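Here the structure is laid out as structure tokens; the discussion comes afterwards.
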Amino acid sequence: MDSPEQKITKTVSRVDASKESMANSRQVIGINFCGPTPLMWRADDLKSVRELGIIGTLVGSLARQPRQNTRLGRPLELLPEEGRLMADMGRAAVIPDSTNEDPEVNPEQVEQYHAGLENSFQEQGALALEDRKTTLMRVITEKHNENSGSQEDSDGAVRDRLEALAHGFSFPRTAMAVQLCTARAGLSHCPEVRRFLAADWPIPRDERSETRFRVFRDLRRQGFYLTSAGKFGGDYLVYPGDPLRFHAYFIVVCISMDESMPLCDVLAIARLGSNVKKTVLLCSSGGSQEDDGEEVVYTSLQWSGMV
Amino acid sequence: MSELTKKTDEDVIEKPLPPNWILQHPMYQHLMNLDVGDSAQVHAAFLVYLDLAEVRQWKEVSGVGCSELRLVLLEGREKEGEPTQMVLPLPVHRGLSHRSVRSVLARGSPMLLCVVASDSSLVYQRMCDGLLTPDPPVGIQDQGRRQHRKRRQQH
């Protein structure tokens, strides 16, 4: 693994918090790929991308409530268009798949880890011994106060008992506490890694993905929030604000300008739109293969009111 | 064009129509003579014409040829004095491209797509340019704490 494992504790004042959020607004976010699907794991990343209008879908189970799917947890699955938009803005970097990594690739790190464990073991052993001694002293002192025997004898007896303890004490390996890190420094901490990874975004080059992406980017630019619309048979659901606060206004269907739509399908999706009080938008990217400058055209299917 | 509606009460007993009355209808012949659409599309256009002119009583319904799309369009006003609307009649088995829709919209009038099924039933679908915000759902009220109270009682 490239990124260092550190436990980060910061106490932030209010001023620092706002500075941190400004810094976060430019941070690069690591994205893991599972096949062609972009996933995000870190809770801080999920929060910061929501401010960019990237909503995604939670697809994991919650650690403490795995046997239900009313409330899902991380990872956040992104639409391919969301990931690509982030990559275009320079805010995303692909984290390479680590399962294929050679386990022998970094023997130095492995050695370091074992040395660290050994140190921790010794420390813990010493602390455990001290702890035992303290307990023993306390027990002896209590007994001495009860029995009130001769001073000389009891001091000698105490010393003998402490020595016996020191000799006979052994701290078993199985009793050692091992720290597991639950937080990880993000990519903001490793600019070299970030630069290296940022170039690696996989871009599909077929017309349909291209149309979908252009429509996504254009609607996002207009300030709408988009999620996937599988439930409605469309490509996206378009919200005027955060999906947690609003109902969707539009169901987007992305088509090419010359693709022939069966009329039954047009009528079916228009009817569905009326029933759920959303306007169906037929969207096409009007231009050629240039990156920018061509516009997206929108046609709204409206309830005709003609019975 | 609406010769049928000019009939007076004396003419209630009509002579039976010949089986090919559609082919002889002046409007149908006018649409064919525009020489753009194929016969299936012209037939569909004629059925839509009858619906608009006779059933819905639209005014000034006329046929317009669109050579770039090779289709017959219909133009008319829903009521006297209202702006004209453009109707695109299509038989149901046809496909429709977004480009065709855009070129009809480009004419500037409000547009209706009318799909004609094999049993001659008609469905109208309005299309417009841009993002049209839907009507909000009716009957939305703030339920206040009622929902929470109900749930607590169930436990």
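Computed over heavy atoms, backbone and side chain alike; hydrogens, waters and symmetry mates excluded. Below, chain A is the first sequence line, B the second, and so on; all start at residue 1. All values reported here derive from a predicted model rather than from experimental measurement.
Interface summary for chain A: among B:Leu122, B:Leu112, B:Leu131, the most heavy-atom pairs under 4.5 angstrom belong to B:Leu131. Chosen from B:Ser100, B:Gly95, B:Pro136, B:Ser97, the residue pairing most often with chain A at heavy-atom distances under 4.5 Å is B:Ser97. Considering only heavy-atom pairs separated by less than 4.5 Å from chain B, the leading option among A:Pro262, A:Ser256, A:Ser284 is A:Ser284. Annotation: maximal heavy-atom pairing with chain A below 4.5 Å, among B:Thr133, B:Leu113, B:Asp129, occurs at B:Thr133. Among A:Gln222, A:Gln302, A:Lys277, the residue with the largest count of heavy-atom pairs under 4.5 Å with chain B is A:Gln302. Ranked by heavy-atom pairs under 4.5 Å with chain B, the list A:Lys278, A:Arg271, A:Glu259 is led by A:Glu259. Considering only heavy-atom pairs separated by less than 4.5 Å from chain A, the leading option among B:Met111, B:His98, B:Arg56 is B:His98.
Side-chain N/O atoms of A:Ser209 and A:Asp206 include a donor and acceptor closer than 3.5 Å. A donor and an acceptor atom, one from each side chain of B:Asp51 and B:Tyr124, are located under 3.5 Å apart. Side chain to side chain, B:Glu75 and B:Gln85 fail the donor-acceptor criterion of an N or O pair below 3.5 Å. A donor atom on one side chain and an acceptor atom on the other are not found under 3.5 Å apart for A:Ser304 and B:Arg126.
Within residues 236-252 of chain A, the residues having any heavy atom under 4.5 Å from a heavy atom of chain B are, by residue number, A:Tyr249, A:Phe250.
Both the backbone and the side chain of A:Val297 come within less than 4.5 Å of a heavy atom of chain B. Proximity to chain B (any heavy atom under 4.5 Å) is shown, for A:Ser274, by neither the backbone nor the side chain. Heavy atoms closer than 4.5 Å to chain A are found in the side chain of B:Leu105, but not in its backbone. Contacts of A:Leu301 with chain B are made by both backbone and side-chain atoms, with heavy-atom separations under 4.5 Å. With a 4.5 Å cut-off on non-hydrogen atoms, B:Val92 touches chain A through its backbone and its side chain both. In this structure, chain A has heavy atoms under 4.5 Å from both the backbone and the side chain of B:Leu96.
Looking only at side-chain heavy atoms (C-beta outward), A:Asp235 and A:Arg212 come within less than 4.5 Å of each other. Side-chain contact between B:Asn33 and B:Tyr28 is absent, with no heavy atoms from C-beta onward closer than 4.5 Å. A:Arg217 places none of its side-chain heavy atoms less than 4.5 Å from the side chain of A:Arg220.
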* **Derivation of the salt bridge (charged side-chain N to carboxylate O under 4.0 Å, His left out) call for B:Glu80 and B:Lys59** => CA-CA 6 Å; B:Glu80 207 79 57; B:Lys59 313 295 174 217; 5.4 Å; no
* To do: Go through B:Glu60 and B:Arg77 one step at a time and tell me if the salt bridge (charged side-chain N to carboxylate O under 4.0 Å, His left out) criterion holds.
  => CA-CA 6 Å; B:Glu60 302 165 32; B:Arg77 294 171 203 274; 3.0 Å; yes
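A:Thr279 OG1 to B:Leu132 CG: the interatomic distance, rounded to the nearest 0.5 Å, is 5.0 Å. Atom OG in A:Ser285 sits 12.0 Å away from atom CD1 in A:Ile255 (nearest 0.5 Å). The distance from the CD atom of A:Gln65 to the CG atom of A:Leu72 is 11.0 Å, given to the nearest 0.5 Å.
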